[in-house]
Number of protein chains: 2
Amino acid sequence: MANSKRKVLSQDQIHLIVKALSDPRRYEILKHLRQSGQALACETVRGCMEITPATLSHHMKELEMAGLVQVVREGKFASYVLRRDVLEAFLQGVHADLI
Amino acid sequence: MANSKRKVLSQDQIHLIVKALSDPRRYEILKHLRQSGQALACETVRGCMEITPATLSHHMKELEMAGLVQVVREGKFASYVLRRDVLEAFLQGVHADLI
DNA sequence: TCGATAGTTTTACAACTATCTAATCGATGC
DNA sequence: GCATCGATTAGATAGTTGTAAAACTATCGA
């Protein structure tokens, strides 16, 4: 198979990810990341969704801890990258658990 | 395709489902439902997970409102059925949104 | 009809969380 | 060094939610 070395997530990881997805703003952020295709600057995210820096930082931390995004810091700037492999493993895990 | 008339969920429905999945006990209940293959009596669920009737009732209501289970009442008994079609539509929706 | 049983609803409470302001940290430019 | 700017952290607060006790509803058996 083309993608056979897919990671298997623990129940804790799945739980973390579901919790991360359960906030509408975080879900929205992830959708933006996906649509942009590649890394998205923190400022860019703030530009498209009316959110204070502190709140955004909090949400990004949550997404990072869930493993859904990777934070790339360059100088005083930060960018976020969607971790598609983790998302795929997550969907795979839920599928295996519940379907 | 074998299953082409798959339902498309709204963002609100996806959000409801993610929230429903975000509680460990609810996720556990769904796993039991899946493992049992068919309908599971309320009493049976209570038998395998140390939960008070009130709390279970609350969680089942949540799962029902999310569309993830169907509640079947017969006399004074209640059984729960996993709605696999909704779960599949959910995974499909998240996949379309984020991958 | 009574009493027992299965589930639900109400109510109350503790724990959690999203949000913001203010303070802080780190890097960049003068 | 000092000021500025981007981002994070700390603290405070309001709203949400999981939990269970108690009251309630509905069904069944005697």
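Residue numbers start from 1 in every chain, and the chains themselves are labelled A, B, ... in the order their sequence lines are given, proteins ahead of strands. Computed from a predicted structure; not experimentally measured.
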Closest approach to the side chain of A/F77, judged atom by atom: which nucleotide of D/dA20, C/dT19, D/dG6 is it? D/dG6
Please report, rounded to the nearest Å, how far the P atom of D/dG6 is from the OH atom of A/Y80. 13 Å
Check every atom of D/dA20, C/dG7, D/dA7 against the side chain of A/E43 and return the nucleotide holding the closest atom. D/dA7
Between C1' on D/dG18 and CG on B/L63, what's the gap in Å once rounded to a whole number? 13 Å
Value rounded to 0.5 Å, distance of CG in A/L56 from CD1 in A/I51: 5.0 Å
Round to a whole Å and report the spacing from CD of A/E28 to C1' of C/dA18. 16 Å
Counting only side-chain N and O atoms of B/T52, is one of them less than 4.0 Å from OP1 or OP2 of D/dA20? yes
Between atom CD in B/E50 and atom P in D/dA20, what is the gap in whole Å? 9 Å
Rounding to an integer number of Å, can you tell me how far B/D23 CG sits from D/dA20 C1'? 15 Å
Within less than 4.0 Å of OP1 or OP2 of C/dT17, is there a side-chain N or O belonging to A/K19? yes
Check this for me, if you would: do B/R83 and B/D85 make a salt bridge, where the nitrogen-to-carboxylate-oxygen distance has to be below 4.0 angstrom? yes
Which of the following nucleotides, C/dA18, D/dT19, C/dG7, is nearest to the side chain of B/R73? C/dG7
Would you tell me if any nitrogen or oxygen in the side chain of A/K61 comes within less than 4.0 Å of OP1 or OP2 on D/dA7? no
B/H59 side chain near D/dT17 phosphate (N/O to OP1/OP2, under 4.0 Å): no
Measure from the side chain of A/A54, starting at C-beta and using heavy atoms only, and say which of C/dT8, D/dA10, D/dG18 lies closest. D/dA10
Looking at the side chain of A/P53, which of C/dT8, D/dT8, C/dT19 is the nearest nucleotide? D/dT8
Quick one: closest heavy-atom pair of B/A66 and B/L16, and the distance? CB-O, 3.9 Å
Measure CD/B/E62 against P/D/dT16 and give the value in whole Å, please. 13 Å
Find the distance between SG (A/C42) and NZ (A/K76) and round it off to the nearest 0.5 Å. 13.0 Å
Measuring from the side chain of A/K76 (C-beta onward, heavy atoms only), which nucleotide among D/dT19, C/dT5, D/dG6 has the closest atom? D/dG6
Using whole Å, what does the distance between atom P of nucleotide C/dT17 and atom NE2 of A/H58 come to? 8 Å
Within the distance-only criterion (no hydrogens, no angle test), does the side chain of B/H15 pair as donor or acceptor with the backbone N or O of A/D23 below 3.5 angstrom? no
Under-4.0 Å side-chain N/O to phosphate OP1/OP2 contact, B/R46 with C/dG7: yes
OP1 or OP2 of D/dA20 less than 4.0 angstrom from a side-chain nitrogen or oxygen of B/T55, does that happen here? yes
From C/dT8, D/dG18, D/dT8, nucleotide with atom closest to A/S57 side chain: D/dT8
Please determine, for the side chain of A/R26, which listed nucleotide (C/dG7, D/dT19, C/dA18) has the closest atom? C/dA18
Using whole Å, report how far CD1 of B/I51 lies from C1' of C/dT8. 14 Å
Report the distance from atom NZ of B/K7 to atom CD of B/Q92, rounding to the nearest 0.5 Å. 13.5 Å
